[in-house]
*Asks:* 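One structure, pasted below without further comment.
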Amino acid sequence: MSPHRTFLNHPAKAAEILARFSAPKQISGTSYATVRDYCESVDHLPQITGLDGDLKNVQRPWAIKTLLCTVPPPARLLEIGGGEPIVSGFLNELGYDVTLVDPYDGFGNGPTDYEKYVSCFPNVKMVRGYFEPDVPDFAPASFDAIFSVSVLEHLRVEAMQKCFQAIGQFLAPGGASIHCFDFVLQGVGQEYDLTTARDILNHQAQLENRPAETGFDDLLEQLKVNVEVFFLSPQGHHHWRGGLPYDQFPFRKVVSVQTIAFLPKR
């Protein structure tokens with residue numbers, strides 16, 4: 001049996017994090033990860049902020065900080081496709097009621113160690129399967145926030161549509177749909193990622209009952225010129241390469257796009 005994994009070794013540490021990041025504010029829209037945000041996370045959330053240059057090093061703490069300021073604990077959260085429940089486990093220690101949904105079938109180079117994670121994170125409710133409408137484990141409108149970290153960019157069009165239909169079904173009125181996803185700004189795959197990003201942002205707009213996303217072109221221009229943009233590092237790229245010959249997996253500029261939407265209150 002795997003030992004239970006924890007991140008916070010003293011209640012005072014959780015209280016310190018809550019005091020720093022849970023000041024209530026409601027934010028929405030689209031943004032991108034920055035070096036400033038990453039450095040803040042290294043300073044104050046080192047338990048989940050890695051140093052190897054991978055995008056998840058900035059994405060995981062961003063998700064936690066965003067949830068803390070939009071839906072403070074003891075809110076009920078659902079994570080889509082979390083794999084190893086690092087974010088869900090950390091949030092549980094901060095006082096959230098957290099459920100994670102993941103098929104654990106290796107899709108998109110994802111993990112398969114379902115039993116191991118259940119043992120390591122016993123306080124995270126884990127449902128093995130795809131997140132789609134009419135999942136029998138959940139009641140409609142039962143989550144205060146539904147979020148994902150580096151998941152949506154792996155979904156095809158039909159799966160993306162089902163995912164957002166499920167978000168609309170299981171998110172409570174006024175609840176938050178919070179996601180960050182990898183985006184190839186320049187290099188192999190940039191055309192595909194541009195289409196996928198617009199699809200994700202349009203689904204977020206539909207959740208809020210507003211017109212299709214219109215500001216992404218401006219954000220793309222910022223990504224090209226802002227020195228503060230957090231990019232996937234060469235070390236992170238080498239890890240992603242997974243042993244493939246470099247010519248089959250050349251470097252590309254990859255950033256994290258972040259999006260927040262709120263289901264209208266009834």
Side-chain angles (χ1 to χ4, degrees), residues 29-34 37-38 50 53-64 66-67 78-84 86-88 100-111 130-132 145-168 176-207 212-213 215-217 219-220 222-224 229-233 236-237 239-242 244 248-261:
T30 307
S31 60
Y32 51 86
T34 65
D37 183 52
Y38 171 71
D54 191 77
L55 282 183
K56 285 189 174 66
N57 298 338
V58 72
Q59 292 171 325
R60 286 171 174 151
W62 172 83
I64 286 168
T66 302
L67 286 159
L78 182 143
E79 180 176 9
I80 303 169
E84 183 177 5
I86 292 174
V87 175
S88 286
L100 186 153
V101 182
D102 193 304
Y104 292 101
D105 60 0
F107 176 74
N109 294 320
Y130 286 97
F131 185 60
E132 54 190 19
I146 297 175
F147 71 96
S148 68
V149 175
S150 188
V151 170
L152 298 185
E153 70 271 23
H154 299 292
L155 301 182
R156 299 294 182 180
V157 173
E158 183 178 351
M160 181 89 69
Q161 186 172 7
K162 287 183 178 179
C163 179
F164 273 94
Q165 287 173 348
I167 292 174
S177 175
I178 297 173
H179 311 279
C180 51
F181 57 92
D182 307 348
F183 175 74
V184 177
L185 180 66
Q186 183 180 356
V188 177
Q190 67 182 61
E191 295 84 3
Y192 177 84
D193 275 21
L194 182 59
T195 299
T196 300
R198 293 192 190 281
D199 192 23
I200 293 169
L201 299 178
N202 283 334
H203 280 297
Q204 287 282 81
Q206 290 171 15
L207 278 176
E213 177 66 39
F216 193 54
D217 289 337
L219 186 137
L220 287 175
Q222 295 176 39
L223 285 168
K224 294 173 184 177
V229 175
F230 185 101
F231 286 97
L232 176 73
S233 74
H237 169 77
H239 176 71
W240 279 19
R241 194 162 61 93
L244 288 173
Q248 293 182 23
F249 199 90
F251 188 71
R252 66 287 314 264
K253 290 184 178 179
V254 188
V255 301
S256 177
V257 176
Q258 305 161 167
T259 172
I260 309 168

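Residue numbers start at 1 and run along the sequence shown. We use all heavy atoms of the structure for the numbers below, so side chains are in, but hydrogens, waters and symmetry mates are not.
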*Asks:* To the nearest 0.5 Å, what is the distance between CZ on Phe231 and CG on Leu223?
*Replies:* 7.0 Å

*Asks:* Search all heavy atoms of Pro250 against all heavy atoms of Val188 and return the closest pair with its distance.
*Replies:* CG-CG2, 3.8 Å

*Asks:* I'd like to know if Arg198 and Asp217 make a salt bridge, using a cut-off of under 4.0 Å between side-chain N and carboxylate O.
*Replies:* yes

*Asks:* With a 4.5 Å limit on heavy-atom distance, are the side chains of Leu155 and Phe181 in contact?
*Replies:* no

*Asks:* Provide the closest heavy-atom pair for Gln222 versus Val229 in the form atom of the first, atom of the second, distance.
*Replies:* O-CG2, 4.3 Å

*Asks:* Can you name the salt bridge (Lys or Arg N to Asp or Glu O under 4.0 Å) partners of Glu153, sequence neighbours left out?
*Replies:* none

*Asks:* Between the main-chain N or O of Gln258 and the side-chain N or O of Tyr32, is there a donor-acceptor pair closer than 3.5 Å?
*Replies:* no

*Asks:* For the residue pair Ala261 and Gln204, what are the closest heavy atoms and their distance?
*Replies:* N-NE2, 3.5 Å

*Asks:* Applying side-chain contact (heavy atoms from CB on, under 4.5 Å) to Phe147 and Ile260, what does each step give before you reach the verdict?
*Replies:* CA-CA 9 Å; Phe147 71 96; Ile260 309 168; over 6 Å; no

*Asks:* Which of parallel (below 30°), tilted (30 to 60°) and perpendicular (above 60°) describes Phe230 and Tyr38?
*Replies:* tilted

*Asks:* Roughly how far, to the nearest 0.5 Å, is NE2 of His203 from CD of Gln165?
*Replies:* 8.5 Å

*Asks:* Considering all heavy atoms of both residues, which atom of Ile200 and which atom of Phe164 are nearest to each other, and what is their separation?
*Replies:* O-CZ, 4.0 Å

*Asks:* What pairs with Phe249 under side chain to side chain contact (heavy atoms under 4.5 Å, CB included), at least two apart in sequence or on another chain?
*Replies:* His237, Trp240, Arg241, Leu244, Arg252

*Asks:* Quick check: does any side chain N or O of Asp182 sit under 3.5 Å from a backbone N or O of Ser150, one acting as donor and the other as acceptor?
*Replies:* no

*Asks:* Check the pair Val149, Ile86 against side-chain contact (heavy atoms from CB on, under 4.5 Å), reporting the backbone distance first and the verdict last.
*Replies:* CA-CA 11 Å; Val149 175; Ile86 292 174; over 6 Å; no

*Asks:* Give the minimum heavy-atom separation between Asp37 and Thr34, together with the two atoms involved.
*Replies:* N-OG1, 3.1 Å

*Asks:* How long is the span from the CZ atom in Phe131 to the CD1 atom in Ile167, to the nearest 0.5 Å?
*Replies:* 6.0 Å

*Asks:* With rounding to the nearest 0.5 Å, note down the distance linking OG1 in Thr196 to CZ in Arg156.
*Replies:* 8.0 Å

*Asks:* Looking only at non-hydrogen atoms, find the nearest pair between Cys163 and Ile80 and report the distance.
*Replies:* SG-CD1, 3.8 Å

*Asks:* To the nearest 0.5 Å, what is the distance between NE2 on His239 and CG on Leu232?
*Replies:* 10.0 Å

*Asks:* Please round to the nearest 0.5 Å and tell me the distance separating atom CG of Leu152 and atom SG of Cys180.
*Replies:* 9.0 Å

*Asks:* Please check: side-chain N/O of Gln190 versus main-chain N/O of Gly187, any donor-acceptor pairing under 3.5 Å?
*Replies:* yes

*Asks:* Quick one, Val257 with Thr259, criterion side-chain contact (heavy atoms from CB on, under 4.5 Å). Give me CA distance, side-chain angles, the key distance, then yes/no.
*Replies:* CA-CA 7 Å; Val257 176; Thr259 172; 5.6 Å; no

*Asks:* Any side-chain donor-acceptor pair under 3.5 Å between Ser148 and His179?
*Replies:* yes

*Asks:* So Leu185 and Leu220, do their side chains get closer than 4.5 Å, heavy atoms only?
*Replies:* yes

